[in-house]
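Inspection log for the structure reproduced underneath, given as structure tokens.
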2 protein chains.
Amino acid sequence: MTANAPFDRSLGSFIKRLRIHSPIADEDADAIRTLPCRVLRLRQNSQLVREGDLTDRCVVLVSGFMHRFRFSEDGRRQILSLYVPGDPVDFDHLFLPVADDGLQALRDSLLASIAHSDLRKLMRERPAVADAITRALQVDSSIFREWILNVGQRDARARIAHLLCEISARLQAQDFDFENIPLPLTQDQIADATGLSSIHVNRTLKVLNAEKWIERRGALVMLPNPDALRELAGFDARYLHLDA
Amino acid sequence: MTANAPFDRSLGSFIKRLRIHSPIADEDADAIRTLPCRVLRLRQNSQLVREGDLTDRCVVLVSGFMHRFRFSEDGRRQILSLYVPGDPVDFDHLFLPVADDGLQALRDSLLASIAHSDLRKLMRERPAVADAITRALQVDSSIFREWILNVGQRDARARIAHLLCEISARLQAQDFDFENIPLPLTQDQIADATGLSSIHVNRTLKVLNAEKWIERRGALVMLPNPDALRELAGFDARYLHLDA
DNA sequence: CGAGTTCTTGAGCATTCTCAAACCCTGTGG
DNA sequence: CCACAGGGTTTGAGAATGCTCAAGAACTCG
């Protein structure tokens, strides 16, 4: 146990994340905590490359922010998801080794990486953990679907508002402050996440600010009235499956 | 075995689907084939309701077409995915019992439903099957991500072309004819799948037809030059993971 | 044949885009 | 300590893609 003491903090938030959706017995949690893992530091804007010894490892975000993206043939970037501390970021590679998306740090980030083999062994020995991980992946899937809806059906204001609501709700679920978001995204990135141009994002943020839906103080975004914002966004947290 | 003979055909296409992504030993395939399942007939446009005894059952599409959708707060429908024969349509409910999407038949369809308990038992006893199913769900996830990209970054022509390419590729993978698609979608549905208005879909289809990218004969859409269409769509089949 | 659904077309409009340029921070080196 | 570089933000102006409303045509099915 002592040898693993430094990891306690690393995978603690991961356990918390799993427990949002799944019951995890304390001994299962301990088994997760004592997984051999390597801490990895990623500078802002640098990419998580999965080659060599990394291809056979999964990564949990410990602190910071990351995002997943994909390019269209003509070079336009679409951000596909955001990761907050505690999130498993590339556990899909446990099942599909071919990476089709890029993964990049939005801020300086700390990651914990675990060997596929260790994780698979744990999942084999502890079905509850296997279930919890699969369930977490299914929640991600539900979030992807909501993003299709967001980008496909909502106008610029609602789209951006929805993104803010999601970030806020997911941070809240991990017990972070959720009314004062140190927005990890540049306007360019918000644009790529919502399928808008960065100029239009800029103008829309201005409107949202002027109309008091949000309150900007530099890079900090505050949500003075979360309920109103959710209403504007058409945000229904059900798809995040934060209950259970 | 004889008692299960009628099911052979029902779950045969499901096995074929799993084998696209995963190696399945013959005895595992047999175990799937002999799963107790109920055949379910669904008329065009009718919804698959998961209540009562259906909440604890999963469904495989045997013949026909289905789609998954979600509504925005203000009542706009977004189609989130299409299902072709062989596809598991609601296996996510194995892990997240709360259904957040609707499931509806696009054409008269035949479904095979399997009890969660039987499926879980099979997955417990045969890890290769469990893996294959999880992998299939991860492929779905990758498709959702591609739809975010499609709706977020491509213009109307490319968006619709991309949808056609995907349907064609997925049908081909299941050994259906893929150059003459009896398009299961109305223009309204194409609109809801691509985040466009049905009027714009109509006009864009007209252009695609006039410019020989596609060839329409009533409800039949032919792809006379799939490669050119893929080029137009920026379609790269990698995200479908059709290789093993 | 008639009812309902789907498709088609027109016209005007709105949201959002692109291009271009200026501005503002923040960190760095002279 | 100032100048400058570079990323990010802001604003303007004009254009375009795609939307809504409206109505008629065509197809499908009982």
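Each chain gets a letter, A, B and so on, in the order its sequence line appears, and its residues count up from 1. Keep in mind it's a predicted model, so treat the numbers as computed, not measured.
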Among the nucleotides D:dT20, C:dT16, C:dT8, which one has an atom lying closest to any side-chain atom of A:Ala156?
-> C:dT16

Interatomic distance, A:Arg43 CZ vs C:dG27 C1' [rounded to whole Å] = 13 Å

Between CD of A:Gln153 and C1' of D:dT20 the distance, given in whole Å, is 15 Å

Calculate the interatomic distance between B:Ile190 atom CD1 and D:dG18 atom C1'; express it in whole Å.
-> 16 Å

Please tell me which of A:His200 and B:Asp188 maps to the more 5' nucleotide of DNA chain C, matching each residue to the nucleotide holding its nearest heavy atom.
-> B:Asp188

Nearest-Å distance for atom pair CD/C1', residues B:Gln187 and D:dA25 | 13 Å

Considering just the side-chain nitrogens and oxygens of A:Asn202, establish if one lies under 4.0 Å of OP1 or OP2 belonging to D:dT9.
-> no

Which heavy atom in B:Cys58 sits nearest to a heavy atom in B:Phe91, and how many Å separate them?
-> CB-CE1, 3.6 Å

Please name the pair of heavy atoms, one in B:Pro224 and one in B:Trp213, separated by the smallest distance, quoted to 0.1 Å.
-> CD-O, 3.7 Å

CG of B:Leu185 versus P of C:dT5: gap in Å, rounded?
-> 18 Å

Considering just the side-chain nitrogens and oxygens of A:Arg157, establish if one lies under 4.0 Å of OP1 or OP2 belonging to C:dA14.
-> no

Give the nucleotide from the list D:dT11, D:dT20, C:dT16 with an atom nearest to the side chain of A:Lys206.
-> D:dT11

Starting at atom CD1 of B:Ile199, determine the distance to atom P of C:dC13, rounded to an integer number of angstrom.
-> 16 Å

Counting side-chain heavy atoms from C-beta on, which of C:dT18, C:dG10, D:dT20 comes nearest to B:Ser197?
-> D:dT20

Which atom pair, heavy atoms only, marks the closest approach of A:Ile114 to A:Cys37?
-> CG1-CB, 4.0 Å

Test salt bridge (charged side-chain N to carboxylate O under 4.0 Å, His left out) applied to B:Arg17 and B:Asp140, step by step | CA-CA 12 Å; B:Arg17 165 65 153 83; B:Asp140 283 354; 3.4 Å; yes

What are the two closest non-hydrogen atoms of A:Val59 and A:Asp90, and how far apart are they?
-> N-OD1, 2.8 Å

B:Leu220 CG to C:dC7 C1', straight-line distance once rounded to whole Å = 17 Å

Send over the distance from A:Leu205 CG to C:dT16 P, rounded to a whole Å.
-> 13 Å

Pick base, sugar-phosphate or nothing for B:Arg76, based on heavy-atom distances below 4.0 Å to the nucleic acid.
-> sugar-phosphate

Is there a side-chain polar atom (N or O) of A:Arg159 under 4.0 Å from OP1 or OP2 of C:dT15?
-> no

